[in-house]
Amino acid sequence: MDQDFDSGSGYHFDVMRRAIELIDAAGPGLKLEELAAGMNMSPAHFQRVFSRWAGVSPKRFQQYLALGHAKALLAERFTTLETSHAVGLSGGGRLHDLFLRWEAMSPGDFARGGEGLVIAWGWFDSPFGRALVMGTDKGICGIGFEGEASAGEAMADLAGRWPKARYVEDPERLRPWAEAAFGASGVSGEAPLYLIGAPFQIKVWEALLSIPSGQVTTYSEIARSIGHPKAVRAVGTAVGRNPISWLIPCHRALRKSGGLGGYHWGLPVKRVMLAYETARAEASPGAATGA
């Protein structure tokens, strides 16, 4: 019996996560009927549900999950960050509209390891797996994913960034921001960001914020855009230390060769994020959306 797509964001995200896992594992030979059966849906209903979320059919989405897709993105949708900076975040599509308000912690406060800071945390469903969201009164300061990391490892990873902060489990406080960040069905709103990092890291994260949804750039291009063209390795490290995955889009940074490079929460998550954004860009020509 078909289940209702709008019965709740948790169900909606869980269906998409399981569908993507099946699509990715089976390869191009998977039939719509087989995929729908795995979701306990009729083929027609599943096609509607998936296409509504991704903007393209499951078959088309499979092409974007292919390992060679990163090279195609680099050839077709490479972003020069100087241009992006000139345009401003408003040119980056709907995802950037979510955080018109963001600020960075001062270097002195960061050096104190988050001392005096109260950080709320909670687990939420997302299209990319279970997500650990952290936030202060100023905005989201951390998003990590349970996948290649266990829930305990993800928590230790993010909490270890600011070891002197006080952590309080409070998912209801964070829920409006988390649901806006992950595009929960019927939810709109703002997910403000609070960047907690060293000055060089924050410069790199600002550059990432300038990459429009559905497009990509390279680590070397990021290094050039922040005035440190020879610091490609340091840029790569800063990208990997981005604490706010998805919203600060480190998944849009690729190697010059078109290889995916690394991803802190696992390459399968990075591939799904890129596939999702490409699909949404295709569904809305000239107006790529990321949420």
Side-chain angles (χ1 to χ4, degrees), residues 67-86 89 92 96 102 104-114 128 134 141-145 147-149 153-154 156-163 193-275 277 290:
L67 289 173
H69 177 54
K71 290 185 178 181
L73 274 178
L74 199 59
E76 299 170 5
R77 299 188 180 187
F78 173 77
T79 289
T80 300
L81 291 178
E82 288 178 353
T83 302
S84 294
H85 281 304
L89 293 182
H96 286 147
W102 69 272
M105 174 178 275
S106 71
D109 286 340
F110 172 71
R112 287 189 285 273
F128 316 111
M134 292 185 172
C141 65
I143 297 179
F145 293 96
E148 293 190 352
E153 288 169 339
D157 186 313
L158 284 184
R161 317 289 182 102
W162 318 293
L193 305 185
Y194 188 46
L195 278 56
I196 305 177
F200 181 83
Q201 291 174 324
I202 288 173
K203 288 182 72 173
V204 171
W205 302 341
E206 285 180 306
L208 291 171
L209 285 169
S210 297
I211 308 170
S213 180
Q215 300 188 32
V216 295
T217 196
T218 62
Y219 298 102
S220 56
E221 170 67 14
I222 294 170
R224 189 176 66 81
S225 76
I226 65 171
H228 296 276
K230 296 182 179 180
V232 177
R233 181 169 294 182
V235 163
T237 299
V239 169
R241 294 294 291 171
N242 164 33
I244 312 177
S245 299
W246 175 237
L247 291 182
I248 297 180
C250 49
H251 57 279
R252 297 178 195 157
L254 304 177
R255 291 175 176 163
K256 263 187 174 181
S257 63
L260 284 172
Y263 190 67
H264 193 74
W265 304 106
L267 289 181
V269 174
K270 182 172 186 174
R271 288 171 54 224
V272 172
M273 288 178 174
L274 288 171
E277 290 187 331

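Each residue takes its place number in the sequence, starting with 1.
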Roughly how far, to the nearest 0.5 Å, is the [atom2] atom of [Y] from the [atom1] atom of [X]?
{"X": "K256", "Y": "T217", "atom1": "NZ", "atom2": "OG1", "result": "11.0 Å"}
{"X": "I248", "Y": "E206", "atom1": "CD1", "atom2": "CD", "result": "9.5 Å"}
{"X": "I143", "Y": "W265", "atom1": "CD1", "atom2": "CH2", "result": "10.5 Å"}
{"X": "L247", "Y": "L195", "atom1": "CG", "atom2": "CG", "result": "10.5 Å"}
{"X": "L208", "Y": "I226", "atom1": "CG", "atom2": "CD1", "result": "9.5 Å"}
{"X": "S210", "Y": "R252", "atom1": "OG", "atom2": "CZ", "result": "10.5 Å"}

Quick one: side chain to side chain donor-acceptor pair (under 3.5 Å) partners of [X], sequence neighbours excluded?
{"X": "W162", "answer": "none"}
{"X": "Q201", "answer": "none"}
{"X": "R241", "answer": "none"}

List the atom of [X], the atom of [Y], and the distance in Å for their closest heavy-atom pair.
{"X": "I222", "Y": "S225", "value": "O-OG, 2.8 Å"}
{"X": "R255", "Y": "T218", "value": "O-CG2, 4.1 Å"}
{"X": "C250", "Y": "Y263", "value": "SG-CE1, 3.6 Å"}
{"X": "L158", "Y": "P243", "value": "CD2-O, 3.8 Å"}
{"X": "Y194", "Y": "A104", "value": "CE1-C, 4.1 Å"}
{"X": "G142", "Y": "I244", "value": "N-CG1, 3.9 Å"}

Going by the rule side-chain contact (heavy atoms from CB on, under 4.5 Å), which residues pair with V272 if we only count those two or more places apart in sequence or in a different chain?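 Testing V272 for side-chain contact (heavy atoms from CB on, under 4.5 Å), a comparison that skips the adjacent residues, returns I20, L65, F128.
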Residues in side-chain contact (heavy atoms from CB on, under 4.5 Å) with A156, at least two apart?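 Applying side-chain contact (heavy atoms from CB on, under 4.5 Å) to A156 gives none.
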Answer whether the closest heavy-atom distance between the side chains of [X] and [Y] falls below 4.5 Å.
{"X": "H251", "Y": "S245", "result": "no"}
{"X": "L254", "Y": "K270", "result": "yes"}
{"X": "L274", "Y": "R271", "result": "no"}

Would you mind listing every ring-ring contact (aromatic ring centres under 6.0 Å, His included) that reaches into residues 199-225, with sequence neighbours excluded?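 As it turns out, the ring-ring contact (aromatic ring centres under 6.0 Å, His included) pairs with a partner in residues 199-225, which skip direct neighbours, are F200-H228.
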